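Just so it is clear, the model here is predicted, and its values are computed rather than measured. Counting starts at 1 for both ligands and their atoms, in listed order.
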Amino acid sequence: MRAAVLHEKNTPLVVEDVDVEAPRQGEVLVRIAASGVCRSDLHAQEGESPVSKPPLVLGHEGAGIVEEVGPGVTGLAQGDPVVIALYGPCGTCDDCRAGDIPNCWSETRTHNMYGRMPDGSTRLRLRGEPIAPMVGSGSLAELSVVREAQLVKIDRDIPLDLACLAGCGVTTGIGAALNIARVAPGSSVAVIGCGGVGLNVIQGARIAGAARILAVDTQPGKLDLAADLGATDGVLVAPGESAAEAIRARLPRGVDYAFEVVGHTPLVREAFEATRIGGTAVMVGAPPPGSTITIDSRQLFADRRLLGCTGGGNIPARDIPRIMRFYQQGRLDLERLVATRIPLARVNEAFDSLRRGEAVRTVVLP
Ligand SMILES: NC(=O)c1ccc[n+]([C@@H]2O[C@H](COP(=O)([O-])OP(=O)(O)OC[C@H]3O[C@@H](n4cnc5c(N)ncnc54)[C@H](O)[C@@H]3O)[C@@H](O)[C@H]2O)c1
Ligand SMILES: [Zn+2]
Ligand SMILES: [Zn+2]
């Protein structure tokens, strides 16, 4: 099968033949129909991911059709449409058993992050050598072998080239608003960075009933989209300009919730400084390894909260069906997030587009 392989950091992906083994116990072979390209794919390509290191089959925002199930798979059958989640809970560790599924930190989850099965193996071979699929998904490929726990079955009437976005960007953005910050009705929200993830923080805040939603970005086009998806105010900032000051120029007391959704660590401080006393800042952007955040401790003392957010605190079996229902009810716009659809052979164009920062999501159709 054809797959987009990252051989070395800062080099273009190579679309080439990769061998796939049959699914084993509890595993499923998925024929990928569509995959979004997220900034975390770009971070991996630029060598800024501590877990997704080359050689690697990139992609982690995929949806497809079950082609074959391995022994012991009970919840899925050939022909089922599925979204590949960001992770598959182990189901047996103390955290999972206590219900804290997003924070499962078992060996299974660790291997999953590095793109390996629970025993450390992979079902992919490149010229005879094992190669990992990014976070166990590797969706920029024609096929992927995924643990059943990492797959969520969806209704047949949902287009797979939209459903794929629930693999990461939509789930993370909606989850940051609903699961992590728990945005309250009538509240004020600022979202710094309105790309594939940030626009979904905006949609999540709208669904939660926020009264003011300030969209902050350096690109005017992103603010237009943000307005269509629920932002009440567009705040255009120049790179390096203080987002906190721009937000406080509109809401002098600060906002109830502020989200950093760029992946640029100094902006986490801006988000924090944009919150009111008692407010909540959430770092959604993936910080480069080794980076640190400096905040004014007196401001934290004033009952503020600064929260992390891996994958939007999502439980795949709960959150992906919920997102699909929001879409079916017309409360969540997925179509507006897709700028272009391209074949796998042109995958590098999606990375160029992310680097330029113009478009939201390019969806690759393997
Ligand atoms: N927490 C998680 O689990 C998780 C999941 C997915 C993605 N991410 C991370 O979230 C971040 C965003 O991902 P994405 O796919 O939405 O990226 P994206 O490139 O689609 O969006 C980033 C947006 O930030 C804007 N921007 C850049 N500099 C800015 C600045 N100084 N001020 C305001 N806006 C600015 C860009 O114009 C763009 O609209 C990345 O770091 C990604 O790795 C984290
Ligand atoms: Zn677990
Ligand atoms: Zn992602």
Side-chain angles (χ1 to χ4, degrees), residues 35-44 46 48-49 52 58-62 86-110 112-113 118 134-135 137 139 149 165-173 175-176 180 190-201 215-223 225-226 235-244 246-247 259-268 270-271 282-288 307-314 337 339 350-351 353-362:
S35 175
V37 180
C38 165
R39 198 161 199 94
S40 300
D41 292 297
L42 183 63
H43 288 326
E46 293 179 340
E48 284 189 359
S49 167
S52 300
L58 281 190
H60 63 285
E61 212 172 62
L86 267 184
Y87 73 101
C90 81
T92 54
C93 73
D94 289 348
D95 298 318
C96 281
R97 284 152 66 103
D100 192 11
I101 292 169
N103 293 317
C104 163
W105 221 248
S106 58
E107 203 181 13
T108 297
R109 177 80 184 270
T110 314
N112 199 177
M113 269 190 334
M134 181 174 183
V135 300
S137 171
S139 56
L165 304 178
C168 178
V170 176
T171 313
T172 300
I180 303 288
V191 178
I192 305 173
C194 303
V197 182
L199 288 170
N200 291 299
V201 178
V216 185
D217 207 291
T218 49
Q219 308 251 358
K222 297 293 175 68
L223 298 182
L225 258 174
V235 183
L236 186 65
V237 288
E241 188 186 337
S242 168
I247 293 163
F259 298 82
E260 191 278 349
V261 205
V262 181
H264 183 50
T265 320
L267 293 176
V268 178
E270 295 291 330
V282 184
M283 178 182 75
V284 186
L307 305 177
C309 169
T310 324
N314 93 90
L337 303 172
F351 286 77
S353 162
L354 265 182
R355 220 173 275 117
R356 285 194 305 271
E358 296 154 2
V360 187
R361 279 295 191 256
T362 304

* Nearest 0.5 Å, what's the OG1-CG distance between Thr310 and Leu86? ->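 So the OG1 of Thr310 and the CG of Leu86 are separated by 9.5 Å.
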Heavy-atom distance to [atom]: which of [options] wins?
atom	options	value
atom 25 (C) of ligand 1	Thr362, Asp217, Ile180, Val216	Asp217
atom 44 (C) of ligand 1	Val235, Val284, Leu225, Thr171	Val284
atom 31 (N) of ligand 1	Asp41, Val191, Leu267, Asn200	Leu267

Per-atom contacts of ligand 1 with [X], taking only distances under 4.0 Å to non-hydrogen atoms:
X	value
Leu354	19 (O), 20 (O)
Gly263	41 (O)
Arg361	15 (O), 20 (O)
Cys38	6 (C), 7 (C), 15 (O)

Does the N or O separation between [X] and ligand 1 drop below 3.5 Å for any pair?
X	value
Gly311	yes
Gln219	no
Val197	yes
Thr310	no
Ala359	no

May I ask you to identify the nearest protein heavy atom to [atom], giving residue, atom name and distance to one decimal place in Å?
atom	result
atom 10 (O) of ligand 1	Gly285 CA, 3.5 Å
atom 29 (C) of ligand 1	Thr218 CG2, 3.8 Å
atom 13 (O) of ligand 1	Arg39 CB, 3.4 Å
atom 8 (N) of ligand 1	Ser40 OG, 3.7 Å

* Just heavy atoms, cut-off under 4.0 Å: does His264 contact ligand 1 by side chain, backbone, both, or neither? ->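 The answer is neither; His264 stays 4.0 Å or more away.
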* Heavy atom under 4.0 Å from ligand 1: found in Cys168's side chain, backbone, both, or neither? ->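 Within the 4.0 Å criterion, Cys168 contacts ligand 1 through side-chain atoms alone.
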* To 10°, measure the SG(Cys90)-the Zn ion (ligand 2)-SG(Cys96) angle for me. =>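 Roughly 110°, rounded to 10°.
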* Asked: Angle subtended at the Zn ion (ligand 2) by SG of Cys104 and SG of Cys93, to 10 degrees?
  ->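 Vertex the Zn ion (ligand 2), arms to SG of Cys104 and SG of Cys93: 110°.
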* To do: Please check if any side-chain donor atom of Glu270 sits under 3.5 Å from a side-chain acceptor atom of Ser242, or the reverse.
  =>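 Result is yes, a qualifying pair exists.
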* Restricting to N/O/S, name the atom of His60 that gets closest to the Zn ion (ligand 3). =>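 Among the N, O or S atoms of His60, the one closest to the Zn ion (ligand 3) is NE2.
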* To do: Measure the distances from the heavy atoms of Lys222 to every atom of ligand 1 and state whether one is below 4.0 angstrom.
  =>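 It does; at least one heavy atom falls under 4.0 Å.
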* **Side chain to side chain, Arg39 and Val197, heavy atoms closer than 4.5 Å** =>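 Result no, sub-4.5 Å side-chain heavy-atom pair not found.
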